[in-house]
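Within every chain, numbering begins at 1; the chains are lettered A, B, ... in the order of the sequence lines, protein sequences first and strands thereafter.
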Amino acid sequence: MQGQAQQQAYDRGITIFSPDGRLYQVEYAREAVKRGTASVGVRTPEGVVLAADKRSRSPLMEPTSVEKIHKADDHAGIASAGHVADARQLIDFARRQAQVNRLRYGEAIGIETLTKNVTDHIQQYTQVGGARPFGVALLIGGVENGEPRLYETDPSGTPYEWKAVSIGADRSDLQEHLEENYDDDLTLDEGVGLALRAIASANDDELAADGVDVATITTDSEAFVELSNDEIATYIAENDLEPSDEDDEDAEE
Amino acid sequence: MQGQAQQQAYDRGITIFSPDGRLYQVEYAREAVKRGTASVGVRTPEGVVLAADKRSRSPLMEPTSVEKIHKADDHAGIASAGHVADARQLIDFARRQAQVNRLRYGEAIGIETLTKNVTDHIQQYTQVGGARPFGVALLIGGVENGEPRLYETDPSGTPYEWKAVSIGADRSDLQEHLEENYDDDLTLDEGVGLALRAIASANDDELAADGVDVATITTDSEAFVELSNDEIATYIAENDLEPSDEDDEDAEE
Amino acid sequence: MQGQAQQQAYDRGITIFSPDGRLYQVEYAREAVKRGTASVGVRTPEGVVLAADKRSRSPLMEPTSVEKIHKADDHAGIASAGHVADARQLIDFARRQAQVNRLRYGEAIGIETLTKNVTDHIQQYTQVGGARPFGVALLIGGVENGEPRLYETDPSGTPYEWKAVSIGADRSDLQEHLEENYDDDLTLDEGVGLALRAIASANDDELAADGVDVATITTDSEAFVELSNDEIATYIAENDLEPSDEDDEDAEE
Amino acid sequence: MQGQAQQQAYDRGITIFSPDGRLYQVEYAREAVKRGTASVGVRTPEGVVLAADKRSRSPLMEPTSVEKIHKADDHAGIASAGHVADARQLIDFARRQAQVNRLRYGEAIGIETLTKNVTDHIQQYTQVGGARPFGVALLIGGVENGEPRLYETDPSGTPYEWKAVSIGADRSDLQEHLEENYDDDLTLDEGVGLALRAIASANDDELAADGVDVATITTDSEAFVELSNDEIATYIAENDLEPSDEDDEDAEE
Amino acid sequence: MQGQAQQQAYDRGITIFSPDGRLYQVEYAREAVKRGTASVGVRTPEGVVLAADKRSRSPLMEPTSVEKIHKADDHAGIASAGHVADARQLIDFARRQAQVNRLRYGEAIGIETLTKNVTDHIQQYTQVGGARPFGVALLIGGVENGEPRLYETDPSGTPYEWKAVSIGADRSDLQEHLEENYDDDLTLDEGVGLALRAIASANDDELAADGVDVATITTDSEAFVELSNDEIATYIAENDLEPSDEDDEDAEE
Amino acid sequence: MQGQAQQQAYDRGITIFSPDGRLYQVEYAREAVKRGTASVGVRTPEGVVLAADKRSRSPLMEPTSVEKIHKADDHAGIASAGHVADARQLIDFARRQAQVNRLRYGEAIGIETLTKNVTDHIQQYTQVGGARPFGVALLIGGVENGEPRLYETDPSGTPYEWKAVSIGADRSDLQEHLEENYDDDLTLDEGVGLALRAIASANDDELAADGVDVATITTDSEAFVELSNDEIATYIAENDLEPSDEDDEDAEE
Amino acid sequence: MQGQAQQQAYDRGITIFSPDGRLYQVEYAREAVKRGTASVGVRTPEGVVLAADKRSRSPLMEPTSVEKIHKADDHAGIASAGHVADARQLIDFARRQAQVNRLRYGEAIGIETLTKNVTDHIQQYTQVGGARPFGVALLIGGVENGEPRLYETDPSGTPYEWKAVSIGADRSDLQEHLEENYDDDLTLDEGVGLALRAIASANDDELAADGVDVATITTDSEAFVELSNDEIATYIAENDLEPSDEDDEDAEE
């Protein structure tokens, strides 16, 4: 009770430090991330896989309108989890950074540079008053100098590089699944399978083709490619994740 | 009691995250949407239907002054539910976006682009201090590249694409009605009927011709057209929704 | 008690949503409107009537200084109820809008356009921080394209079009009186009589000629005309509203 | 007790509406007016009289430094009651408005126009945050088109026109005195006498010549003229208001 | 207890009115004035005398560094009481006003004009948010058109003109001393004596030459002149105010 | 309990002084530093050593993405502890300062100058409202005029120069280790060993080569050089710090 | 308890007056000064001495990095006590003022002018909102027109001139020591000795050469000169202040 009262004192108004050196508004923004359905990224020698759980709340909603994977540039994609409207702001920001880089230097922006531009932008919203932090985490994947790269951004504005990572709901379960099944020598196909099985692991090991988005950026093509529903269905079938019946309701994208 | 006190701590002043990652001011703005009478959108292969419940509070009020459906551009219309004065701001914003697009690119703005311009504008009011969120939801319908499109915007600034959708009072009842009766192969006429019957389903299955607005944007004409009272009366008769007597009082448009 | 405490949490500082989606500062501004004496508008085929109860608090105050009906442009007038100083700001705003329209387009501003310019201005004060809403309602009447038009603005910034309407003290009583006695085929003279009788209905059916302002905008003249005390006295006599004695004290204009 | 707590919630920080539609900061500013000694205005067919109670707190203070009546322009004067430093700001504002009018239009500003410029300025301080209202009321008197005019401004920014009016301490007593003794056909001399007797009525019917300021603007001269101590003494004698002894202490000018 | 709680509600944050029409921050600033040692002004037909009690807290502090009397212009001086750092700001402001007057009009600024420029500046800090009032009172003395003038400014921004006046600690005692001993026909020498005896009256009738500052502006010279320690010592001796021993500690300048 | 309530009063909103002259937000920011894993700096006659504990939380996270040592310029490096996103802002700031110096003066920025530029920037965030302090400490090491220099910055914006210093978790233990084992005549190799043993002292005297970053700036090369994993492994082996097994979880970088 | 609650009401947020006319934030900033180790200034006919206690907290910290005495210009130095990062800001401000004076007027800035520029800057932070006061006191010493001058600035922005003065920890003890031992005819050497003995008086009459900084500005050289460790050691030996052993820990510089 006392601890709760103390906590309340630090999470009103602007983002300030608590006596134990924490930024509660940032931590609450992390909770907003957990309220979103999961996105998963897997890095393989052949390229990066981004996959996102986008279970729709209503049969009348267009699945394509639940956008969780976005093209950031020819060679880079972004998957998100958390507050959807916030994600759109950051993705627009990332796209502008990528465009500016092409205009100014005549070449594609590096994935690490792109990520750090985004995290610097996020950090500003955690230090300067008059606005709240972004309630969203991003996976930024792409190919840089022929190498696949996969980054995560969190609401504090910290960048992390991963071999395979999950953001959003059930992160610890999915991350555990990734850790147990990841291998440095995965083919891209195996990477897609791993990503889908990780997402399915929190859904009774079932997935619908229009309930998930998948995109890849291979080292060969250096191009962001979204998989068609048919391609996704094939992967689902190959990985024994075909749904029996599905009626999710409460998840937020 | 304790939960209530905790909740109060997060909904004063600016829009900030609660410990469970929610933005209460945005959720309260959603309540403002529910306080408005319903609007319904139905997408058919022949075009998009927008319909709005605009029961007047007084016999001396001009029904036409309760504006719930607006022309956004030649090929696009907007229906609203919630805080009327807020809706007017967003609709003016959308019209300016459509005009700018014509001036700058010499062509009609895409429905998806228009929607996302509006949701980006809404999102700003949920993150930056000094203003409250918009207490209104919109249905943005139109024809883009010959295809009918129907979008919803909510107070968080998230865009959704729908086949058929309801906003405002009794949303869950109306949405259930739509889900049960929607068919991908509806004619435009059947779409108008579905929209009217959905609205009527929360009104004892009765509608007055001047108590509802209907507009369509067909793929043939690519033009926003408001139905006359006579046309609406015909649809009401065809769908057995003629009112016996009506005396609503408490609903807000 | 609990409800009251909850309510208090939402009406301090800036205008924000309450958990049930209401804007308390706007609702309190509506109370300020109710604290003002009534104004009434009546639309007839021959023109629009604006009438205002302006009972003076002191025998030494000049009745003409209690301004409740104002000329907005040659063809448009405005009656107010509520916070007098706020009303003056909105009326000045409306006049400038009308002037700008004449300068820019060389023609009189439409009554609907004028009303919506005013309500957009009002809405800003309900959404952006740093100011309170306007504590006043307006009746904007005039002739547009040969047609009489009568609009109401409220503190939320919503425009309504009416055949006959009352704002300010005793609104529900006066509105009931209007609903019972309004007829679509009223002559202008009958419209003036209806307006005066509605105001008198909350004053023991008595009116003093210098206790009420009346103005008309006819479709013939398209001109805002204020009635003289003698003309008003004649209407009062014709409608059997002559006062026996009068000593109001508490009403605010 | 409960009412008091509720009231406190609305009078901190910026000027906002209370649940019953009142602006407490404006009402408290009216209390600041009541804390000031009285000023009285009387309009007669021959001109306007302004008189002010300026009892000094100390025998060493220069009576002339307690300025309560000011020349606003050749043809206009202003008397004040309430917070002295605030009064100076408004009087300077009024003077600038009068000067600008002469420069721009080559003629004297109308008394009504002058008053409304001042009340518009006052109103801004009651609606926009970041400042408090003005704690002062003014009497603005002068001659416009050969006619004597007398206006009052209050802290809400509302203008009133009067035949005779009192502001400041003991307003209700003084106003009652004016109502009982005012006559539409007063000579200017009688008007001065009425003003002095009204002020004296709250001072045991006694006045010292250097304890009161009197100024007139006659329709003949159209000029603001301050009476000399000798002239005031003559009026005091003629009206039997000569003091026996006087030792006020607590009143604020 | 209840009164105290009510009072606290009005003195936090910005300067606003209390329910009884008072500005607590201004009244608290007046307390800051009382915490400062006294300054005294005396106006005689031969000129104005400014004197200030500047008892030093430490034998190692340079008495000259406790500046309480300042030259504002050739013909004008200022004595202060209260918050020293605030006084410096106002004196700098006054000097700039005097300089600007000489540059713009080629002549010395009037003492009344100078005072009112300063009080207008002070008033701003009591009405507009974002700053606190000035915690200092000033005595502004000088010669204008051959006449000696003596003004006081207080933290509300009100100007007063005096024949003789005291500000700062023990004001009521010193003012009583001035009232009992002031004479309209004092010579300048007698004026200096009166000022010193007033200050000494709150110090056991003793003064040290380096514990007091004295300056004069005579109508003959129209020049601000600070008295030397020897001259002050002579006055002290002539007025029988020589100290036996002195060890003040707590007073603030 | 009472002390806790008092403390809470000073740590909300902006950074202000507590009654005992402390800045709680700055002290809480110091707690954020302690929440980060340790960084160590050691200055030897041959050059400066920077070492950082960067134990990864997940086997799938790229160790290189946990950046705790950064190149600031050719001749200068920075190690951080605390809030990672804040560190990135300060390091970017430092890099820009170094670049500007080269552009403006054509030479490398001095280590002391660089440090003080950074601490001035930090101080601003502790005094001016609208932002929180930086929750990070930095070690800035490099060679200036052939001399090795090692500085620390803390969240208050104070610069300190050290022979050997630790920031972050377990500072007092590590600092004690440094004090007991530091020698003014260490070789660079011995300096690396001391830094690693200090970090290991809080980790059961074990270190993994990819769990620590090491960089040196020697007086010979005047160049920032990061050690490879192999080189670090050699040092770990030479200092008997090879890990048996490692499973840290809770530490923040 | 009641007094404490009342006090808390005035020290949150911006700097405002308490009911007894005090500025608590300024008084708390004075506490920050007391938390710093002492600095001492002594003025002799031969020049000014500045000395500062800079006991280091750790044997590995470079004593030279604890800067408490700074050169402000060729002829002026500044010693500080209190919040180190704040001191750096004020010293940079003073240096810029001195530089500007040389550029604009081609001569060295006067010590009094320099001091008052600094105190005006400090005062702004005590009156205008949005920032806290500076938590530091300064001693500004130098030679002006051949005369040695020694000033103190405090957190309120008040300048004082002294013959000898102490700021920081144990001020009253050190000041008492200065008062008992100061002589107007001290040689510069004796002045250094007095300053060192004063500092030592609060340290068991012991000083380490690297635990104290000393600088002088003589009337002959008009140059700021910092004493070397050897010179300081000589003074320590001459004044019998050699330490036996020293292990301070808690003092803040």
> Below 4.5 Å from any heavy atom of chain A, which atoms of B/Ile122 appear? Answer side chain, backbone, both or neither.
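For B/Ile122, no heavy atom lies under 4.5 Å from chain A.
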> What residue pairs, at least two apart or across chains, pass salt bridge (Lys or Arg N to Asp or Glu O under 4.0 Å) with a residue in residues 16-32 of chain B?
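Residue pairs passing salt bridge (Lys or Arg N to Asp or Glu O under 4.0 Å), neighbours aside: B/Asp20-B/Arg22, B/Arg22-B/Glu27, B/Arg30-B/Asp154, B/Glu31-B/Lys34.
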> May I ask you to test the A/Glu67-B/Glu161 pair for a side-chain heavy-atom distance under 4.5 Å?
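No; the side chains remain at least 4.5 Å from each other.
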> Just by distance, no angles: are the side chains of B/Thr158 and A/Arg88 close enough, under 3.5 Å, to form a donor-acceptor pair?
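Not at all, the side chains of B/Thr158 and A/Arg88 share no donor-acceptor pair under 3.5 Å.
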> Minimum heavy-atom separation for A/Ala85 and B/Ser156, please, with both atom names.
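Shortest heavy-atom contact: CB-O, 3.0 Å.
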> Would you call B/Arg149 and A/Glu62 a salt bridge, using N to O less than 4.0 angstrom?
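No salt bridge links B/Arg149 with A/Glu62.
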> Could you tell me which non-hydrogen atom of B/Gln175 sits nearest to which non-hydrogen atom of A/Ser58, and how far apart they are?
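Taking every non-hydrogen atom into account, NE2-OG, 4.0 Å.
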> My understanding is that only residues two or more places apart in sequence, or in another chain, count here; which of them pass ring-ring contact (aromatic ring centres under 6.0 Å, His included) with A/His121?
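Only A/Phe93, A/Tyr125, A/Phe134 meet the ring-ring contact (aromatic ring centres under 6.0 Å, His included) criterion with A/His121.
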> In terms of heavy-atom proximity below 4.5 Å to chain A, should B/Glu152 be classed as side chain, backbone, both, or neither?
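No part of it gets close to chain A.
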> Ignoring hydrogens, what is the shortest heavy-atom contact between A/Ala32 and B/Gly21? Give both atom names and the distance.
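Looking at all heavy atoms of both residues, the shortest contact is CB-O, 3.3 Å.
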> For chain A, which residues from residues 183-191 of chain B have at least one heavy atom closer than 4.5 Å to it?
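Expected list: none.
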> Applying salt bridge (charged side-chain N to carboxylate O under 4.0 Å, His left out), name anything that partners B/Asp173, two or more places apart in sequence or on another chain.
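Testing B/Asp173 for salt bridge (charged side-chain N to carboxylate O under 4.0 Å, His left out), a comparison that skips the adjacent residues, returns none.
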> Is any side-chain heavy atom of B/Val165 less than 4.5 Å from a side-chain heavy atom of A/Met61?
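When only atoms from C-beta onward are counted, A/Met61 and B/Val165 do not touch, as no gap falls below 4.5 Å.
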> Where does A/Asp86 contact chain B at under 4.5 Å (heavy atoms): side chain, backbone, both or neither?
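Contact with chain B: backbone and side chain both.
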